[in-house]
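Naming convention: chains lettered A, B, ... in sequence-line order (proteins, then strands); numbering from 1 in each chain.
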There are 2 protein chains.
Amino acid sequence: MLSKTTEYAIRALVSVELNSRKGQRPGFKTIARDIDAPEQYVAKIMQTLTRFKLLKSVRGRGGGFFFTEDYQQDIFLYDVVWIMEGKTFFTRCGFGFKHCDANNPCPLHNEYEPIREAFTQLLKKETIRSLATKIEKGEAVLSRLSV
Amino acid sequence: MLSKTTEYAIRALVSVELNSRKGQRPGFKTIARDIDAPEQYVAKIMQTLTRFKLLKSVRGRGGGFFFTEDYQQDIFLYDVVWIMEGKTFFTRCGFGFKHCDANNPCPLHNEYEPIREAFTQLLKKETIRSLATKIEKGEAVLSRLSV
DNA sequence: TTTATTAAAGATATTTAGGTCTTTATTGCG
DNA sequence: CGCAATAAAGACCTAAATATCTTTAATAAA
């Protein structure tokens, strides 16, 4: 469904959110530990997310990753998936047929379309903040061990 | 979602069904042409499907791939996906969290679970035969060009 | 029985996703 | 200023998915 890279990206952003709620500005090593992913790979992913302005980074002593006030509330999972997987993720045929759409439907288009749409709506509803809140409330866990 | 290989597998089986309705027993080259996929790669996939007894093959002149009478009606897409992707396809967390289930839910488990279940039900309902029938009725197309 | 035709099998090649290493640029602190 | 800590950037490496090539085995027709 989602690539491992996209999964890391989502969980990394949640880690930043949780850390910032504790008044901390995590670096990529902290994030990698939180989400149990390879440090250097997380570093690459954070670069991408920073380049697309989902968050900010500062180098040097005391540096790390953090959200700006204006963006903090507005990172939908949809945005993350769009950046990491590309826009075609939300439209391409789930069964590999060419030119599959309402006008030229593949044999599963009509049944699959509402499922894909439901998934898209989920990604458009949930935010990094909402995931973090669920974790803080104890309704869910970020990793195997809670952060 | 599904791997390219699984997509090929489903479409290849539909091609076999459509050809057999026309009284023909297609070889992997015919199938590859039908579904617009690489010949030798299709050959490999057909080997797998044959090994798992989703269909039969005969070598030599006049050979090719075909369904046995008993299996013909019973190939659910679920079976194909299970064979090609493995059983964990239907249970693994959509967001890469460890140990994600009802008892230890990731922050999206409760919302994602029904979507995954709907997809699973779709795969358990639709069969190779049902897809082929839609195509024959003109309700859908197999490839860019109809077969 | 020979030949043409076909799938099976196994080795190899290519591409893409995932992951690592090294160097450089930036920042804060002593 | 000089040093330590940190992210950025680019080169590189590895593993998995995708694709191809070559040889062998089976089958039917001439």
Participant: Nearest whole Å is fine: how far is dT27(D) P from F66(B) CZ?
Facilitator: 11 Å
Participant: Can you tell me how far P of dA8(D) sits from NZ of K44(A), to the nearest Å?
Facilitator: 10 Å
Participant: To the nearest Å, how far apart are Q24(B) CD and dT6(C) C1'?
Facilitator: 16 Å
Participant: Measuring from atom CZ of R116(B) to atom CZ of R92(B), what distance do you get when rounded to the nearest 0.5 angstrom?
Facilitator: 9.5 Å
Participant: Expressed in angstrom and rounded to an integer, what is the separation of K56(A) atom NZ from dT27(C) atom P?
Facilitator: 12 Å
Participant: Looking at dG19(C), I'd like to know if its phosphate oxygens (OP1 or OP2) sit under 4.0 Å from a side-chain N or O belonging to K4(A).
Facilitator: yes
Participant: Is there a donor and acceptor pair closer than 3.5 Å between the side chain of Q47(A) and the base of dA9(D)?
Facilitator: yes
Participant: Quickly work out the Q40(B) CD to dT22(D) P distance and round it to whole Å.
Facilitator: 10 Å
Participant: Please answer: with hydrophobic residues joined when any side-chain heavy atoms are less than 4.5 Å apart, are Y8(B) and I83(B) in the same cluster?
Facilitator: yes
Participant: Please step through side-chain contact (heavy atoms from CB on, under 4.5 Å) for the pair F67(A) and I75(A), ending with a clear verdict.
Facilitator: CA-CA 10 Å; F67(A) 298 112; I75(A) 301 180; 3.3 Å; yes
Participant: Starting at the 5' end of DNA chain D and moving along, which residue's nearest nucleotide shows up first, K29(A) or Y41(B)?
Facilitator: K29(A)
Participant: Starting from P on dA19(D), measure out to CD1 on I35(B) and report it in whole angstrom.
Facilitator: 11 Å
Participant: Look at T5(B) and dT18(D) and indicate whether a side-chain polar atom (N or O) is within less than 4.0 Å of OP1 or OP2.
Facilitator: yes
Participant: In this structure, is the centre-to-centre distance between the rings of F95(A) and Y112(A) below 6.0 Å?
Facilitator: yes
Participant: Start with the C-alpha gap between L108(B) and E113(B), add the side-chain angles, then the distance that decides, and say whether side-chain contact (heavy atoms from CB on, under 4.5 Å) holds.
Facilitator: CA-CA 8 Å; L108(B) 292 166; E113(B) 175 58 22; over 6 Å; no
Participant: Examine dA19(D): is either OP1 or OP2 under 4.0 Å from a nitrogen or oxygen in the side chain of Y8(B)? Give yes or no.
Facilitator: yes
Participant: Report the distance from atom CD1 of I45(B) to atom C1' of dA9(C), rounded to the nearest whole Å.
Facilitator: 16 Å
Participant: Taking R129(A) for its side chain and F76(A) for its backbone only, find out whether a donor-acceptor pair lies under 3.5 Å.
Facilitator: no
Participant: Tell me whether the side-chain N/O atoms of T50(A) come closer than 4.0 Å to OP1 or OP2 in dA7(D).
Facilitator: no
Participant: What does the list of N/O pairs under 3.5 Å between the protein and nucleotides 1-6 of chain D look like, with a distance for each?
Facilitator:
unit_1	atom_1	unit_2	atom_2	d
dT6(D)	O2	G60(A)	N	3.1

Participant: Do S57(A) and R25(A) pass the side-chain hydrogen bond (donor to acceptor under 3.5 Å, both in side chains) test, and can you show the C-alpha distance, the side-chain angles, and the key distance before you say yes or no?
Facilitator: CA-CA 9 Å; S57(A) 67; R25(A) 173 182 292 183; over 6 Å; no
Participant: To the nearest Å, give me how far apart CE (M46(A)) and P (dT20(C)) are.
Facilitator: 17 Å
